**Q** 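I'd like to ask you about the structure that follows.
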Amino acid sequence: MSHVYCPECGFQNPEAANYCARCGAYLRRDEHGETTLSLTPAELGEGRTAAELRGPALVVRAGGGRAGESFETAGSRTLIGRSPDCDVFLDDVTVSRRHAEIVREDDAYVIRDLGSLNGTFVNRHRIESAELADDDEVQIGKYRMTFLRS
């Protein structure tokens with residue numbers, strides 16, 4: 001059986017579906033759909049290279065027209081959400097005001113869902129808490145991001 005992935009939430013739907021079973025988004029099948037970018041370190045958001053990042057970062061791969069944008073995880077705690085007060089501001093209704101946080105624990109980085117409505121996903125698995133490794137895919141709402149330790 002063939003499947004089509006939702007461009008908004010990434011949910012795997014049957015090929016015959018017109019709307020996503022998880023979020024209700026229209027499943028576009030034209031050649032102008034959203035694409036996922038693969039970036040080399042030299043192509044990271046706004047002309048920055050991996051060497052120029054001052055520590056771990058989230059790089060947006062798809063969602064919200066922000067592909068290529070990067071967010072450094074500064075300090076011991078980085079708050080992610082729809083609130084402008086968050087360190088990583090993702091302005092979309094699929095993101096809760098205080099959606100998730102990345103916390104530095106010794107030499108590890110742990111992402112925790114903060115009771116969000118749509119959940120937090122690491123490598124396409126819904127999590128409450130998970131340790132992040134280099135190149136892990138983090139999905140928050142319709143945003144798909146890659147975690148880079150640099």
Side-chain angles (χ1 to χ4, degrees), residues 3-13 17 19-28 33-150:
H3 299 285
V4 62
Y5 290 92
C6 175
E8 296 298 318
C9 72
F11 186 74
Q12 182 178 352
N13 293 279
Y19 295 91
C20 178
R22 178 182 288 159
C23 71
Y26 179 65
L27 301 173
R28 298 179 292 247
E34 183 175 331
T35 58
T36 300
L37 297 177
S38 294
L39 302 173
T40 65
E43 297 172 327
L44 289 176
E46 301 178 16
R48 303 172 87 183
T49 65
E52 292 173 323
L53 291 174
R54 292 181 301 271
L58 288 172
V59 179
V60 179
R61 292 188 313 138
R66 297 174 68 178
E69 191 172 339
S70 62
F71 299 97
E72 294 176 3
T73 56
S76 60
R77 180 175 182 252
T78 302
L79 188 60
I80 305 166
R82 193 178 75 231
S83 170
D85 297 331
C86 291
D87 302 306
V88 177
F89 174 52
L90 302 174
D91 190 19
D92 189 80
V93 296
T94 61
V95 179
S96 296
R97 285 182 187 88
R98 292 174 34 94
H99 197 103
E101 67 180 357
I102 296 177
V103 178
R104 183 174 182 170
E105 295 179 353
D106 297 322
D107 196 31
Y109 290 87
V110 176
I111 187 166
R112 293 190 183 106
D113 185 83
L114 298 176
S116 66
L117 180 63
N118 292 323
T120 300
F121 296 80
V122 174
N123 298 324
R124 298 195 180 257
H125 297 284
R126 189 171 186 155
I127 57 98
E128 293 298 317
S129 177
E131 185 174 332
L132 291 171
D134 201 30
D135 290 329
D136 275 349
E137 179 186 79
V138 175
Q139 183 171 343
I140 294 178
K142 69 178 184 179
Y143 295 92
R144 287 191 307 266
M145 301 169 279
T146 300
F147 179 74
L148 299 175
R149 287 191 64 127
S150 55

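The model shown is predicted, which means the values in this text are computed figures rather than measured ones. These values consider heavy atoms only, across backbone and side chains, with no hydrogens, waters or symmetry-generated copies.
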**Q** Taking only residues at least two apart or on different chains, which pairs with a member in residues 74-83 satisfy salt bridge (Lys or Arg N to Asp or Glu O under 4.0 Å)?
**A**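 The answer is Arg77-Glu101.
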**Q** Search all heavy atoms of Ala130 against all heavy atoms of Val122 and return the closest pair with its distance.
**A** CB-CG2, 4.4 Å
**Q** Roughly how far apart are Phe71 CZ and Ile102 CD1, rounded to 0.5 Å?
**A**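 Atom-to-atom, Phe71:CZ and Ile102:CD1 are 11.0 Å apart.
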**Q** With a 3.5 Å distance limit and no angle check, can you tell me whether Ser96 reaches the backbone of Arg98 through a side-chain donor-acceptor pair?
**A**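 No; zero donor-acceptor contacts below 3.5 Å.
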**Q** Could you tell me whether the side chain of Gln139 and the main chain of Gly141 form a donor-acceptor pair under 3.5 Å?
**A**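 Between the backbone of Gly141 and the side chain of Gln139 there is a qualifying donor-acceptor contact (under 3.5 Å).
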**Q** Show your working on side-chain contact (heavy atoms from CB on, under 4.5 Å) between Leu58 and Ser70 and close with a plain yes or no.
**A** CA-CA 6 Å; Leu58 288 172; Ser70 62; over 6 Å; no
**Q** Ignoring hydrogens and geometry, is there a side-chain-to-backbone donor-acceptor pair from Asp113 to Gly115 under 3.5 Å?
**A** yes
**Q** Go through the structure and list residues passing ring pair (Phe, Tyr, Trp, His ring centres under 6.0 Å) with Phe11, not counting sequence neighbours.
**A**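 Phe11: no ring pair (Phe, Tyr, Trp, His ring centres under 6.0 Å) contacts found.
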**Q** For the CD atom on Glu128, are there more than 12 heavy atoms of other groups (residues, nucleotides or ligands in this structure) within a distance under 6.0 Å?
**A** no
**Q** Do other residues, nucleotides or ligands put more than 12 heavy atoms under 6.0 Å from Arg126 CZ?
**A**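 More than 12 within 6.0 Å, yes.
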**Q** Please collect all ring-ring contact (aromatic ring centres under 6.0 Å, His included) contacts where either partner lies in residues 116-148, sequence neighbours excluded, each pair once.
**A** Tyr109-Phe147
**Q** Go through it in stages, so that I can follow the logic: the residues are Leu79 and Leu114, the test is side-chain contact (heavy atoms from CB on, under 4.5 Å), and I'd like the CA-CA distance, side-chain angles, deciding distance and then a yes or no.
**A** CA-CA 10 Å; Leu79 188 60; Leu114 298 176; 3.5 Å; yes
**Q** What residues form a salt bridge (charged side-chain N to carboxylate O under 4.0 Å, His left out) with Asp91, not counting sequence neighbours?
**A**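 Result, salt bridge (charged side-chain N to carboxylate O under 4.0 Å, His left out) vs Asp91: none returned.
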**Q** Can you tell me how far the CG atom of Asp136 sits from the CG atom of Asn123, to the nearest 0.5 Å?
**A**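 The CG atom of Asn123 is 4.0 Å from CG of Asp136, to the nearest 0.5 Å.
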**Q** Using distance alone, with no hydrogens and no angle criterion, decide if Ser116 and Asn118 have a side-chain donor and acceptor under 3.5 Å apart.
**A**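 No, no side-chain donor-acceptor pair sits under 3.5 Å.
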**Q** Between His99 and Thr120, which heavy-atom pair has the shortest distance, and what is it?
**A**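 That closest heavy-atom pairing would be CD2-OG1, 3.3 Å.
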**Q** If you apply the rule side-chain contact (heavy atoms from CB on, under 4.5 Å), what do you find for Asp87 with Ile80, and how did you get there?
**A** CA-CA 6 Å; Asp87 302 306; Ile80 305 166; over 6 Å; no
**Q** Regarding Arg149 and Asp107, does a basic nitrogen lie under 4.0 Å from an acidic carboxylate oxygen?
**A**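 Result for this pair is yes, salt bridge flagged.
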**Q** Does Arg112 CZ have over 12 foreign heavy atoms under 6.0 Å away?
**A** yes
**Q** Please list, chain by chain and in numerical order, all residues satisfying side-chain hydrogen bond (donor to acceptor under 3.5 Å, both in side chains) with Thr146, sequence neighbours excluded.
**A** Arg61
**Q** Would you call Asp92 and Lys142 a salt bridge, using N to O less than 4.0 angstrom?
**A** yes
**Q** Taking the side chain as everything from C-beta on, heavy atoms only, tell me whether Ser129 gets closer than 4.5 Å to Val110.
**A** yes
**Q** Would a 4.5 Å heavy-atom cut-off, applied to side chains only, mark Val138 and Ile140 as touching?
**A** yes
**Q** Using side-chain contact (heavy atoms from CB on, under 4.5 Å), reason through Leu148 and Asp134 one step at a time and then give a plain yes or no.
**A** CA-CA 5 Å; Leu148 299 175; Asp134 201 30; 3.9 Å; yes
**Q** Identify, with sequence neighbours excluded, every residue that meets salt bridge (charged side-chain N to carboxylate O under 4.0 Å, His left out) alongside Asp135.
**A** none
